[in-house]
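A short write-up of the structure that comes next.
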Amino acid sequence: MESMTFVLFGATGDLAKRKIFPALYNLYVDQKLPKSISIIGLGRGDLSHREFQEKVKESVLDFSRRLEHDAASMGEFLDDFRYSKLDVNRKEDFQALLQLVKQREEELNLEENRMFYLSVAPEFFDTIALNIKNSGLGQTKGWKRLIIEKPFGHDLQSARELNEKLSRAFAEEEIYRIDHYLGKPMVQNLEALSYANPILQSLWSKKHIANVQITASETVGVEKRAGYYDHAGAIRDMVQNHLLQILMMTAMDTPEKINAAEIRKMKQKVMESLRPLKEEDVQNDIVRGQYISGEVNGQYVPGYLGEPGVNPSSTTDTFVAARLWIDNPSWAGVPFYIRTGKRMKEKSTRIVIEFKNNANHQYKNSQMDPNLLVIEINPNENISFQLNSKNPLNNGKVEPVKIDFSKEQTEFGVPEAYERLIYDAFNGDSTFFAHWTEVELSWEWVQPILNAFEDNRVPLYEYNSGSYGPVAADLLLLENGFKWWLNE
Ligand code: BG6
């Protein structure tokens, strides 16, 4: 791998601590970091290089998946790190950063490849990008890349504005928009599932599939993020990005070749065929909910409006369910259902594919459920098939049986999303990053929902913490003769 400089904005923040430093360390242990790398952390506080390295070490000890932290190797890893204080509005600070970057490039004899990672609040994205350009940090003899965290915009217009500003400093191929769901192994596996399995490939369309259900339920509430979440809601926090990305990965036609350009082309086609929501559709096809108090995992928890930092009369959605239609030859007439919510009964991200069921009438007195393909993404990674089979212990009645294909876990678990994504970005592989076109099309689809929520044109249903969300979300499926599978 080429030598490089990794500049991290927001290096004293929570994401750096919990995800980015541990990911870098795991990559280091797995020998997936470039042999020569300079890592420069930036934050608003005063820290010496040494103090910063101590912080990195603490975060690794607390959050790393790998356990090898003997003094020698930890020392070698920390040696790559330097710190610089930076106020994003101060041009002098960018000049100081440029000097440090150059100094380290000389000391370590690095190529001028520079990766800039923005792990900061979104209001700073454009200022930082502009200052990278104006300071000369972006003028390199090697490559430059920008990794950017969500949220990418607050609505369609702000996303376009942000993209326009970023594009003054970075070309689209240089921008790596993180959607950590795209770093999850099972999401990355979706393309291979159909591509590498002709059996599944031949079943993967409206001919055999009755409906597709994508769930991302969480047991946690708003946690300490009310300041952000109360303005975002589940629609911006989960649907516009993560759920639509899973939808694209599930519904895309098999690409001719497995590479970033082809996969992105196929994903884009899904979004282009997604039926736009008219005003009246929003009321029929979208369910909005907000949690009230209840019991989650045996513990009483307060309702959303009682959470610290939440506006007591907030109408923010903590649950969204939707029915979507992809009007293309593969999927015309097949409903896709998505739902996500906080404070639900269980933590589970999964895709359930329900197959058409033509044999039901053949077996009297038997319980014939449809065939289901269940792809569990989080917290377990698993694929299972539900088939029907005669049970000799029950008078030969036909009953559902589940066949599991779970992988053995290794001692250290599999690489986490951030490891995979940072590693891909190091290598210039943008397959599992969100392209601007996908982001824009997603905002376009979501915008009528944002408008309807804003104008209160959609009911806001309460749901008990610890439940599967409002009943209205069940009715959404019932209207088409379906139900959510696996609501235990
Ligand atoms: C984040 C959202 O993007 O994803 C959080 O901002 C959410 O609100 C989280 O909790 C869920 O991620 P995961 O990987 O735990 O499913």
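In what follows, residues are counted from 1 in the order of the sequence shown. Hydrogens, waters and symmetry mates are skipped; everything else that's a heavy atom, side chains included, is used. Whatever order the structure lists them in is the order used to number ligands and atoms, beginning at 1.
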- Message: Checking the side chain of K133 only, and the main-chain atoms of R168 only, is there a donor and an acceptor separated by less than 3.5 Å?
- Response: yes

- Give a yes or no answer on whether the side chain of R236 reaches the backbone of H154 with a donor-acceptor pair at less than 3.5 Å. yes

Does NZ or CZ of [X] fall inside the cone over [Y]'s six-membered ring, less than 6.0 Å from its centre and within 45° of the axis?
| X | Y | result |
| --- | --- | --- |
| K144 | F170 | yes |
| K55 | F52 | no |
| R288 | F453 | yes |

- Message: Checking side-chain polar atoms at under 3.5 Å, does R177 have a donor or acceptor matched by the opposite partner on N163?
- Response: yes

Would you mind checking which non-hydrogen protein atom is closest to [atom], with the distance to 0.1 Å?
| atom | value |
| --- | --- |
| atom 10 (O) of ligand 1 | E218 OE1, 2.5 Å |
| atom 13 (P) of ligand 1 | K347 NZ, 3.4 Å |
| atom 14 (O) of ligand 1 | K184 NZ, 2.5 Å |
| atom 6 (O) of ligand 1 | D237 OD1, 2.6 Å |

With heavy atoms of [X] as the reference, note each atom of ligand 1 found under 4.0 Å away.
| X | result |
| --- | --- |
| K342 | 5 (C), 7 (C), 8 (O), 10 (O) |
| N378 | 13 (P), 14 (O), 15 (O), 16 (O) |
| H242 | 1 (C), 3 (O), 4 (O) |

- Task: Could you tell me whether Y181 approaches ligand 1 through its side chain, its backbone, both or neither, with non-hydrogen atoms closer than 4.0 Å?
- Result: side chain

- Just distances here: any N/O of H180 and N/O of ligand 1 closer than 3.5 Å? yes

- Reference residue E419; test side-chain hydrogen bond (donor to acceptor under 3.5 Å, both in side chains); the match among K32, R65, K19: R65

- For ligand 1, is there an atom lying under 4.0 Å from some heavy atom of E223? no

